[in-house]
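Down below is the structure, laid out as C-alpha cells.
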Amino acid sequence: MEKFMKRAVELAVENVENGGQPFGAVLVKDGEIVSEGVNELHIKHDVSGHAELLAIRRAQEKLQLNDLSGFTMYASGMPCPMCFAAMNFVGVDKAYYCATLDEAKAVGLDKSAIIYEDLQKPEEKRTFLMGHMKLADEMQNPMKLWKKKMDR
C-alpha cells in the first residue's frame, strides 16, 4: 500500500513542478497500478480534470468497464466531493489519501473544504442553491422512459 501512496505523491510533486496543483492519484487492482492521474486544470481548463477522475476515466477506457469494484484509489490529497461521488458511482472499494482538507485550506486550496461544509447545512442554507422543477405536462419523462426500457 505504501508504494502506491508514494507514487501518488510523486505524481503530485511532478505536477507542481510542471505548473499544476499538488494532486496525484493511482488506481490499483490486485496489487497492480491500472491507471494514474494528476490534476490537469492548468492544461485543459476543465473543472473535471482532477487526478482521481482522470485515473478512473483511463481505467474505464483501458478495461472497457463501468464497474470498478475491487479497485482502490490512492490520492495525494483528500478527494473533493466530485471525486468522492465519482468513486462511489463507479464502485471503487476504498480510497486512501495523504493531505487533509485542513492542509489544503492552509495553502489556499479550500474549495473542497467549503463544499464539504456546505453539504452539512440544511438545503435552504447552502451557498449553492438548487430548486426542484416539475416537468411540464407535454414533456416526456426520461425516468419513466428509462424504467420502461429496463423492464423489457
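Residues take their numbers from the sequence shown, with the count starting at 1. Keep in mind that what you see is a predicted model, and the values were worked out from it rather than measured.
- A donor-acceptor pair is defined here as one N or O able to donate and one able to accept, closer than 3.5 Å; no such pair exists between the side chain of D93 and the backbone of S69.
- The NZ atom of K62 sits 12.5 Å away from atom CD of Q64, with the distance rounded to the nearest 0.5 Å.
- The same ILVMFWY cluster, assembled from side-chain heavy atoms under 4.5 Å apart, contains both M1 and M5.
- The line from CG of L27 to CD1 of I33 is 10.0 Å long, rounded to the nearest 0.5 Å.
- The shortest non-hydrogen separation linking V34 to A59 is CG1-CB, 4.0 Å.
- Between K121 and D118 there is a salt bridge, since at least one side-chain N of the basic residue sits less than 4.0 Å from a carboxylate O of the acidic one.
- No donor-acceptor pair under 3.5 Å is formed between the side chain of Q60 and the backbone N or O of R57.
- Remark: the backbone N or O of K94 is not paired with any side-chain donor or acceptor of T72 at under 3.5 angstrom.
- At least one side-chain heavy atom of M73 sits less than 4.5 Å from a side-chain heavy atom of I56.
- The line from CD of E2 to OH of Y74 is 11.0 Å long, rounded to the nearest 0.5 Å.
- In terms of modelled atom types and a separation under 3.5 Å, the side chain of N39 and the main chain of A51 share a donor-acceptor contact.
- Under the 4.0 Å criterion applied to side-chain N and carboxylate O atoms, E10 and R7 are assigned as salt-bridge partners.
- Distance CE/M82 to CE/M87: 10.5 Å, rounded to 0.5 Å.
- In the hydrophobic cluster analysis, where Ile, Leu, Val, Met, Phe, Trp and Tyr join through side-chain heavy atoms closer than 4.5 angstrom, V90 is grouped together with L63.
- Once rounded to the nearest 0.5 Å, the distance linking CE of M150 with CG of L145 reads 9.5 Å.
- The nearest pair of heavy atoms linking C80 to S112 is CB-OG, 2.9 Å.
- Around atom CG of N18, more than 12 heavy atoms belonging to other residues, nucleotides or ligands sit under 6.0 Å away.
- Proximity of L109 to F23: side-chain heavy atoms (C-beta onward) are separated by under 4.5 Å at one or more points.
- In plain terms, the two heavy atoms of E52 and A75 that are nearest each other are OE2-CB, 3.6 Å.
- Under the 4.5 Å side-chain criterion, counting only non-hydrogen atoms from C-beta, F4 is not in contact with Y96.
- Scanning both residues, S48 and L53, for their nearest heavy atoms gives O-CD1, 3.3 Å.
- Looking only at side-chain heavy atoms (C-beta outward), E36 and V26 come within less than 4.5 Å of each other.
- Contact record, G70 with K29: O-CD, 3.6 Å, taken as the closest heavy-atom pair.
- In this structure, N15 contributes its side chain and L11 its backbone to no donor-acceptor pair below 3.5 Å.
- Between the side chain of S76 and the main chain of V9, no donor-acceptor pair closer than 3.5 Å is present.
- Checking N141, D137, L135 one by one against M139, the side chain to side chain contact (heavy atoms under 4.5 Å, CB included) holds for a single residue, L135.
- Tracing side-chain contacts under 4.5 Å through hydrophobic residues (I, L, V, M, F, W, Y), one reaches Y116 starting from Y97; they form part of the same cluster.
- Closest heavy-atom contact between R58 and G37: NH1-CA, 3.5 Å.
- One finds the CG atom of L54 at 5.0 Å from the CD atom of E40 (value rounded to the nearest 0.5 Å).
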